[in-house]
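One structure is given below, encoded as structure tokens.
FYI, the numbering just counts along the sequence from 1. These numbers come from the heavy atoms of this one structure, side chains and all, not from hydrogens, waters or symmetry mates.
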Amino acid sequence: MRNYSSVTTFIILGLTNDSQLEILIFIYLFISYLLSVTGNLTIIVLILVDPHLKTAMYFFLQNFSFLEISFTTACVPKYLHIILSGDKTISVKACFSQIFFIILFGATDFFLLAVMSYDRYVAICKPLHYVTIMNSRVCRILIILCWVSGLLIILPPLLLSLRLEFCGSVIDHFLCDASPLLKNSCSNTWFIEQLVVACAVLTFITTLVGVIISYICILRMILRLPSVQQRKKAFSTCSSHLIVVSLSYGSAIFIYVKPSAKDEVAMNKAVSLLATSIAPLLNPFIYTLRNKQVKESFHNTMKRFVFNSNQ
């Protein structure tokens with residue numbers, strides 16, 4: 001940015017100017033962040049230490065938990081620091097770095113959700129071949145493809161944005177986001193704005209199509225099962241994933257399908273706040289509370305820990 005812009009720092013306005021309300025927001029974000037990191041970290045550790053959780057489903061869940069920690073860490077701590085210190089400035093480089101990581105983790109999250117849908121399709125529709133199809137090599141390749149896809153989505157608009165010249169320095173958000181950042185530019189940003197929308201829509205549509213196709217096949221297989229008990233058991237294996245998919249895609253729809261220019265900023269702030277705090281917090285509880293194996297693993301691990309501590 002050294003040769004392209006006279007602006008070296010941006011000012012992040014945050015969610016409110018009310019100091020008392022900011023304290024409540026700080027407490028809420030701090031607690032939700034700690035719970036989110038703790039919950040997702042617990043899932044990662046459980047899958048690492050428990051040999052019963054060494055399947056493709058839990059391998060993807062482990063990576064999903066890592067992405068949730070990474071995503072919320074890219075968003076929340078900086079705003080907590082702003083509230084605590086009162087310093088609302090952020091350097092241009094730091095702002096671009098935050099945008100890079102937020103979109104990278106967010107886009108990779110969507111691709112991973114599509115992969116997890118495929119995993120559930122194989123588990124329910126091809127149970128006898130599940131271990132063969134979803135072997136460790138295939139799982140690693142799918143994870144790498146998710147990260148590469150997320151990187152390819154963010155790089156084109158980001159590289160073009162690095163050449164922009166900025167006149168304004170106010171970001172009307174609680175984090176660095178593409179839309180408020182581009183509003184500060186003196187350059188023509190039309191092409192970059194269209195590219196950002198195209199990349200977002202491409203990610204959304206391709207992953208959603210993958211999810212829908214997988215669940216259409218799953219639904220058809222479930223309806224063919226002879227007993228109600230078998231149907232319930234089959235559906236329960238993917239119900240947690242369906243809830244998480246609904247939360248993720250629901251947030252994306254509210255962010256990108258804007259109601260009006262007047263309500264755009266307020267809506268984006270509110271939905272972004274939920275997406276960066278509530279979703280990463282709920283996801284580990286959704287998977288653990290509805291998953292018998294994970295609950296058993298947690299209880300067994302705690303028993304071993306307590307037993308070893310008493311010795």
Is it true that a side-chain atom of [X] and a backbone atom of [Y] form a donor plus acceptor pair closer than 3.5 Å?
| X | Y | value |
| --- | --- | --- |
| Thr189 | Ile192 | no |
| Ser185 | Glu165 | yes |
| Asp119 | Val115 | no |
| Lys54 | Leu48 | yes |
| Thr72 | Thr276 | yes |
| Asp109 | Phe64 | no |

Atom of [X], atom of [Y] and distance for their closest heavy-atom approach:
| X | Y | result |
| --- | --- | --- |
| Ile90 | Gln98 | CD1-OE1, 4.4 Å |
| Leu104 | Gly150 | CD1-C, 3.7 Å |
| Ser214 | Ser117 | CB-O, 3.6 Å |
| Leu46 | Leu53 | O-CD1, 3.9 Å |
| Ala114 | Val211 | CA-CG2, 3.9 Å |
| Ile278 | Tyr28 | CD1-OH, 3.1 Å |

Are side-chain heavy atoms of [X] and [Y] found at a separation under 4.5 Å?
| X | Y | answer |
| --- | --- | --- |
| Thr9 | Ser169 | no |
| Phe60 | Leu112 | yes |
| Ile171 | Asp177 | no |
| Leu158 | Ile103 | no |
| Ser277 | Leu281 | no |
| Phe166 | Leu181 | yes |

Is it possible for you to say whether [X] and [Y] belong to one hydrophobic cluster, with membership spreading through side-chain heavy-atom contacts below 4.5 Å?
| X | Y | result |
| --- | --- | --- |
| Ile213 | Phe204 | yes |
| Ile124 | Leu128 | no |
| Leu84 | Ile11 | no |
| Val148 | Met116 | no |
| Leu182 | Ile153 | no |

When the side chains of residues 241-250 are checked against the rest of the protein, which donor-acceptor pairs come out under 3.5 Å, sequence neighbours left out?
residue : atom : partner : partner atom : Å
His241  : ND1  : Tyr215  : OH           : 2.7
His241  : NE2  : Leu113  : O            : 3.0
Ser246  : OG   : Leu242  : O            : 2.8
Ser248  : OG   : Val244  : O            : 3.0
Tyr249  : OH   : Thr207  : OG1          : 2.8
Tyr249  : OH   : Leu208  : N            : 3.4

Going through the checks in order, is the side-chain contact (heavy atoms from CB on, under 4.5 Å) test met by Phe10 and Thr89? CA-CA 6 Å; Phe10 291 120; Thr89 60; over 6 Å; no

Would you compute the distance between atom [atom1] of [X] and atom [atom2] of [Y] and round it to the nearest 0.5 angstrom?
| X | Y | atom1 | atom2 | result |
| --- | --- | --- | --- | --- |
| Thr108 | Leu67 | OG1 | CG | 6.0 Å |
| Ile222 | Cys125 | CD1 | SG | 8.0 Å |
| Leu35 | Phe30 | CG | CZ | 10.0 Å |
| Ile82 | Phe26 | CD1 | CZ | 12.0 Å |
| Leu15 | Ser272 | CG | OG | 9.5 Å |
| Ser227 | Lys232 | OG | NZ | 10.0 Å |

Working note: Leu151 + Phe100, criterion side-chain contact (heavy atoms from CB on, under 4.5 Å); need CA distance, chi angles, decisive distance, verdict. CA-CA 9 Å; Leu151 190 61; Phe100 171 78; 3.8 Å; yes

For the cysteine pair Cys95 and Cys176, state whether the SG atoms are less than 2.5 angstrom apart.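 Looking at Cys176 and Cys95, their sulfur gamma atoms lie closer than 2.5 Å, so the answer is yes.
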
Please enumerate all residues that pass side-chain contact (heavy atoms from CB on, under 4.5 Å) together with His81, with sequence neighbours excluded.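 With neighbours one apart ignored, the set is Lys78, Ser85.
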
From CA spacing to verdict: side-chain contact (heavy atoms from CB on, under 4.5 Å), Asn40, Phe66: CA-CA 7 Å; Asn40 283 291; Phe66 173 76; over 6 Å; no

Side-chain donor-acceptor pairs of residues 134-145 under 3.5 Å, sequence neighbours excluded:
residue : atom : partner : partner atom : Å
Asn135  : OD1  : Arg137  : N            : 3.1
Asn135  : OD1  : Val138  : N            : 2.9
Asn135  : ND2  : Thr132  : O            : 2.9

Within a reach of under 6.0 Å around CG of Asn17, are more than 12 heavy atoms found that belong to other residues, nucleotides or ligands?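 Check fails, neighbour count at 12 or below.
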
OH/Tyr121: more than 12 non-hydrogen atoms of other groups inside 6.0 Å: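 Atom OH in Tyr121 is not crowded, with 12 or fewer foreign heavy atoms closer than 6.0 Å.
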
Does the side-chain contact (heavy atoms from CB on, under 4.5 Å) test come out yes or no for Leu273 and Tyr79, once each step is laid out? CA-CA 11 Å; Leu273 180 65; Tyr79 186 50; over 6 Å; no

Distance only, no hydrogens: is a donor on one side chain within 3.5 Å (strictly under) of an acceptor on the other, for Asn283 and Glu68?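 Their side chains do contain a donor-acceptor pair, which is all the 3.5 Å distance test asks for.
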
